Number of protein chains: 2
Amino acid sequence: MNIGIVSERSGLTAKTIRYYEDIGLVKPLRDSNGYRAFQEKEIHKLTFLSRARALGFTIEDCRALLALYEDETRASADVKRIAKVQLAQIEEKVAALGAMHDTLSHLVKECAGDDRPDCPILEGLGKV
Amino acid sequence: MNIGIVSERSGLTAKTIRYYEDIGLVKPLRDSNGYRAFQEKEIHKLTFLSRARALGFTIEDCRALLALYEDETRASADVKRIAKVQLAQIEEKVAALGAMHDTLSHLVKECAGDDRPDCPILEGLGKV
DNA sequence: ATAGTGGTTCCAGTAAGGGGAAGGTCAAGG
DNA sequence: CCTTGACCTTCCCCTTACTGGAACCACTAT
């Protein structure tokens, strides 16, 4: 599978995919013509990367998560430990998003959608 | 209020706060000694930036959201429109995080935490 | 054969900061 | 009064995670 298809299916640009190869996140094979030859497994990894990056996980977070996916000889105790750390991070993110969601949707509700300039966004956005 | 306090309260580093001033996200006053003098309102903005950035919103997303907060002459119709776009983004993020959470917590559950190398993470992580 | 599309590498630039130097400022203690 | 230490300032370069563009090679189609 060529990089164009992979780009389409994973949601990453070809540029980004090449970059991810550079830094060792994926290691596609090569065809005799020099083209990268991706397999299904690579698509899954890249799709995951696409999502995780959009959610604010760093490349190194992603590397840790992919290592779980990758390492055939892993001990499940390690997997469990790493996964738990990431789970905690995810839960924090969900909570923060939830708070932002509440604030914004409250705002949307309160805002009559008219031309008055007194939307109550101010009180909620950055509450400590 | 000096930058150190603001850093502590907002969760951003002093460096980042100065950078945000550079790019026009905040405009603290200055004391006669040249120190930045922040007000409560600035803390709220910075706290919000801290959270939003950690969740993968771009600076430009944040700028749009802060514009709502900032613009005293805004029409609530505009506010509502922008807020709705952001709400949709947030909902997507929550859904994606939810999927990652399910996958990982499933993994944590399935993984006995022993030394067997067959953790079932593979099937879930990058499902298209 | 030639155009067009899509692949390759490489080099340079951007975004969003971080590290650290060189120096000014303030409060406390001797 | 002076110094010490913590905190502030600007400036410049470094890093991360890409993005754009040039120059060139490969496959397909007319």
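Just so you know, these numbers use all the heavy atoms, side chains as well, and skip hydrogens, waters and symmetry mates. No experiment lies behind these values; they were computed from the predicted model shown. First the proteins, then the strands, lettered A, B, ... as listed; each starts at 1.
By the salt bridge (Lys or Arg N to Asp or Glu O under 4.0 Å) test, B/Glu8 pairs with no residue at all, sequence neighbours left out. For B/Arg53, the salt bridge (Lys or Arg N to Asp or Glu O under 4.0 Å) test picks out no residue, with sequence neighbours left out. With sequence neighbours excluded, no residue forms a side chain to side chain contact (heavy atoms under 4.5 Å, CB included) with B/Ala54. With sequence neighbours excluded, no residue forms a salt bridge (Lys or Arg N to Asp or Glu O under 4.0 Å) with A/Arg18. B/Phe38 pairs by the side chain to side chain contact (heavy atoms under 4.5 Å, CB included) definition with B/Met1, B/Ile3, B/Val6, B/Ile17, B/Pro28, B/Arg36, B/Glu42, B/Leu46, not counting sequence neighbours. Every side chain to side chain donor-acceptor pair (under 3.5 Å) that A/Thr13 has, sequence neighbours left out, goes to A/Thr16.
Taking atom CD1 of B/Ile3 as the reference point, atom P of C/dG17 lies 14 Å away to the nearest angstrom. Taking atom CZ of A/Arg36 as the reference point, atom C1' of C/dT8 lies 7 Å away to the nearest angstrom. Going from atom CD1 of A/Ile17 over to atom P of C/dG6 covers 14 Å, rounded to whole Å.
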Can you list the steps and then say if A/Leu66 with A/Lys45 is a side chain to side chain contact (heavy atoms under 4.5 Å, CB included)? CA-CA 7 Å; A/Leu66 283 180; A/Lys45 289 171 70 171; 4.0 Å; yes
Take A/Tyr19 and A/Leu25 through the test side chain to side chain contact (heavy atoms under 4.5 Å, CB included) and record every step on the way to the result. CA-CA 9 Å; A/Tyr19 174 69; A/Leu25 288 178; over 6 Å; no
Polar atom pairs (N or O), protein with nucleotides 26-28 of chain C, under 3.5 Å:
| from | atom 1 | to | atom 2 | distance (Å) |
| --- | --- | --- | --- | --- |
| C/dC26 | OP1 | B/Asn33 | ND2 | 3.0 |

I'd like a list of close polar pairs between nucleotides 18-21 of chain C and the protein, N/O only, cut-off under 3.5 Å.
| from | atom 1 | to | atom 2 | distance (Å) |
| --- | --- | --- | --- | --- |
| C/dG18 | OP2 | B/Thr13 | OG1 | 2.9 |
| C/dG18 | OP2 | B/Thr16 | OG1 | 2.7 |
| C/dG19 | N7 | B/Lys15 | NZ | 2.9 |
| C/dG19 | O6 | B/Lys15 | NZ | 2.6 |
| C/dG20 | O6 | B/Lys15 | NZ | 2.1 |

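The stretch residues 54-63 of chain A participates, sequence neighbours left out, in these salt bridge (charged side-chain N to carboxylate O under 4.0 Å, His left out) pairs: A/Glu60-A/Arg63. Residue pairs satisfying the side chain to side chain donor-acceptor pair (under 3.5 Å) criterion with at least one member in residues 87-101 of chain A, sequence neighbours excluded, are listed as follows: A/Glu91-B/His101, A/His101-B/Glu91.
First and last contacts of DNA chain D with chain A, using any nucleotide atom under 4.0 Å from a protein heavy atom and ordered 5' to 3', fall at D/dA17 to D/dC27.
Residue A/Asn2 is the one, among B/Thr58 and A/Asn2, whose nearest nucleotide of DNA chain C lies closer to the 5' end (criterion: closest heavy atom).
To the nearest 0.5 Å, the span separating CD1 on B/Ile59 from CG on B/Leu49 amounts to 6.5 Å.
Within a heavy-atom distance below 4.0 Å of DNA chain C, the residues of residues 18-31 of chain B found are B/Tyr19, B/Tyr20.
Between the side chain of A/Asn33 and the backbone N or O of A/Tyr35 there is at least one donor-acceptor pair closer than 3.5 Å. At distances below 3.5 Å, at least one donor-acceptor pair connects side-chain atoms of A/Ser7 with backbone N or O atoms of A/Leu12.
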